[in-house]
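Inspection log for the structure reproduced underneath, given as structure tokens.
So you know, we letter chains A, B, ... as the sequences are listed, proteins then strands, and number each from 1. Keep in mind that the numbers below use all heavy atoms, side chains included, and drop hydrogens, waters and symmetry copies.
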Protein chains: 2
Amino acid sequence: MKQENRKDEIIQTATKLFKKKGYSAVTMRDIAKEMGIKAASLYNHINSKQDILTTIIISLAKEYTEGIEIIKLSENNSIEKLKQIIALHVKITTQNANGMASLNNDWMHLEEQLEYYLMLRTNYESDFREIIIRGIENNEITKSNPDIILFSILSTLRSLYLWIPKKDILNPNKLALDLSSILINGIKK
Amino acid sequence: MKQENRKDEIIQTATKLFKKKGYSAVTMRDIAKEMGIKAASLYNHINSKQDILTTIIISLAKEYTEGIEIIKLSENNSIEKLKQIIALHVKITTQNANGMASLNNDWMHLEEQLEYYLMLRTNYESDFREIIIRGIENNEITKSNPDIILFSILSTLRSLYLWIPKKDILNPNKLALDLSSILINGIKK
DNA sequence: AATCTAAACTAACAGTTGTTAGTTTGATAA
DNA sequence: TTATCAAACTAACAACTGTTAGTTTAGATT
């Protein structure tokens, strides 16, 4: 039977190169060279370059969707839910920092699955926004434009992929706690 | 004499397309088509595709460098300096949101000027970090890992280009104030 | 020993890429 | 009117792109 782990190697290698130069700038020959084989050989394992990108992005998008679904349905208060969202991003990004680069920067090169991806993203942002709005209503969160709060937190979380791989400053749990403190309580003494 | 504003039109058009699809995915024929001319005609005004990218990125990077230089030398306290940095990002991004996409996502495609760009970026981050560290020493800022504070604020500011163009929610001054409040004081009531 | 098969290979394709060379156009200045 | 010239054009290039077809290799199974 076909060894699925060779396919995974290709996806992993592609993901690494996509982070470095972006999807469009990486050629099939680049990916093959990195693995020590010829470009044509890749097609014994994958269908197309486009398929690689789709695999990377959609699987990550689903992880986020499933994660926030659980948080949304939990009984916690709003601040607690925000902390869970922060931990979710730290966890997924720690596991696959390279893939997060594609999710953030190359989603527009999806073709058949572009619309589906956008739906997942819109839903995710809606769920997130809803948690913030409920927090303001419950007097847990400062009365302020929910979109600016959403944007501010989400931007930081979406950029984690750039920082987490750097000289493994911290373990993921400590990072999630520190981030929660800064994003929720601010930095002013 | 050569009309410099035609060159500016090309750079502006390219910047818009670079934001949409990234530098590598945009062809000279794309840029020309958007302007209603042929690709070869672009070369009456610009030297190369690479030159366009360099112009976009280096001019923005210099704006940030000059901005933080002034803030660094001012007599304000640390919190005030942070507010000035936030206002600087809002101002530059409001003026050229499309260009910020290239600065954030396509800097790795710089060639001759890559090293210079990286120097500017490293210096900018060092100045920013130094302001945070002084703030902690002065008891203005919570004792916490300065790199996480830096990362958290800078990620939000670097993502502004994605949000500012959206349905002009706010005028820049109000946005800068709201952002300062959230980033500095947090969101917890 | 013979067969099978996953996974590599070589060779080639049709289309696209950034760019150059040389030419035409049309408005302005002499 | 004529000359000038910025800025468009057509045509072409060599290199590179994703992908396919057909072949070889080498280890495992019969």
In whole angstrom, what separates Asn44(B)'s CG from dC9(D)'s C1'? 10 Å

Let me see the working for Ser155(B) and Ser155(A) under side-chain hydrogen bond (donor to acceptor under 3.5 Å, both in side chains), right down to the final yes or no. CA-CA 6 Å; Ser155(B) 294; Ser155(A) 294; over 6 Å; no

Considering only NZ, NE, NH1 and NH2 on the basic side and carboxylate oxygens on the acidic side, decide whether Arg158(A) and Glu125(A) come within less than 4.0 Å. yes

Without decimals, in angstroms, what is the distance between Lys38(A) NZ and dC16(D) P? 14 Å

Would you say dA7(C) has OP1 or OP2 under 4.0 Å from some side-chain N or O of Ser41(A)? no

Integer-rounded Å distance: dA6(C) C1' and His45(A) NE2: 8 Å

Going by the angle between their ring planes, with limits at 30° and 60°, are Phe18(B) and Tyr23(B) parallel, tilted or perpendicular? perpendicular

Is there a path of hydrophobic side-chain contacts, each under 4.5 Å between heavy atoms of I, L, V, M, F, W or Y residues, that connects Ile184(A) with Ile133(A)? no

Can Asn123(B) and Tyr64(B) be said to form a side-chain hydrogen bond (donor to acceptor under 3.5 Å, both in side chains), step by step? CA-CA 10 Å; Asn123(B) 288 345; Tyr64(B) 280 102; over 6 Å; no

Arg6(B) atom CZ is separated from dA7(D) atom P, nearest whole Å, by 8 Å

Which of residues 24-31 of chain B have a heavy atom under 4.0 Å from DNA chain C? Val26(B), Thr27(B), Met28(B), Arg29(B)

Between Asp147(B) and Lys166(A), does any NZ, NE, NH1 or NH2 come within less than 4.0 Å of an OD or OE carboxylate oxygen? no

Expressed as a whole number of angstroms, how long is the span from Glu9(A):CD to dA7(C):C1'? 12 Å

Whole-Å gap separating C1' (dC9(C)) and CG (Leu42(A)): 12 Å

Given atom OH of Tyr23(B) and atom P of dT17(C), what is their separation to the nearest angstrom? 13 Å

Distance check needed: dT10(C) C1' versus Ile37(A) CD1, whole Å only. 14 Å

Do Glu34(A) and Lys16(A) meet the salt-bridge criterion of a basic N to acidic O distance under 4.0 Å? yes

Any residue of residues 46-57 of chain A with a heavy atom less than 4.0 Å from an atom of DNA chain C: none

Verdict with reasoning, Glu140(A) to Ser78(A), per side-chain hydrogen bond (donor to acceptor under 3.5 Å, both in side chains): CA-CA 7 Å; Glu140(A) 295 178 70; Ser78(A) 304; 3.1 Å; yes

Show every donor-acceptor pair shorter than 3.5 Å between a side-chain atom in residues 83-91 of chain A and any protein atom, with sequence neighbours excluded, or say none if there are none.
unit_1   : atom_1 : unit_2    : atom_2 : d
Gln84(A) : OE1    : Asn76(A)  : ND2    : 3.0
His89(A) : NE2    : Tyr124(A) : OH     : 2.7

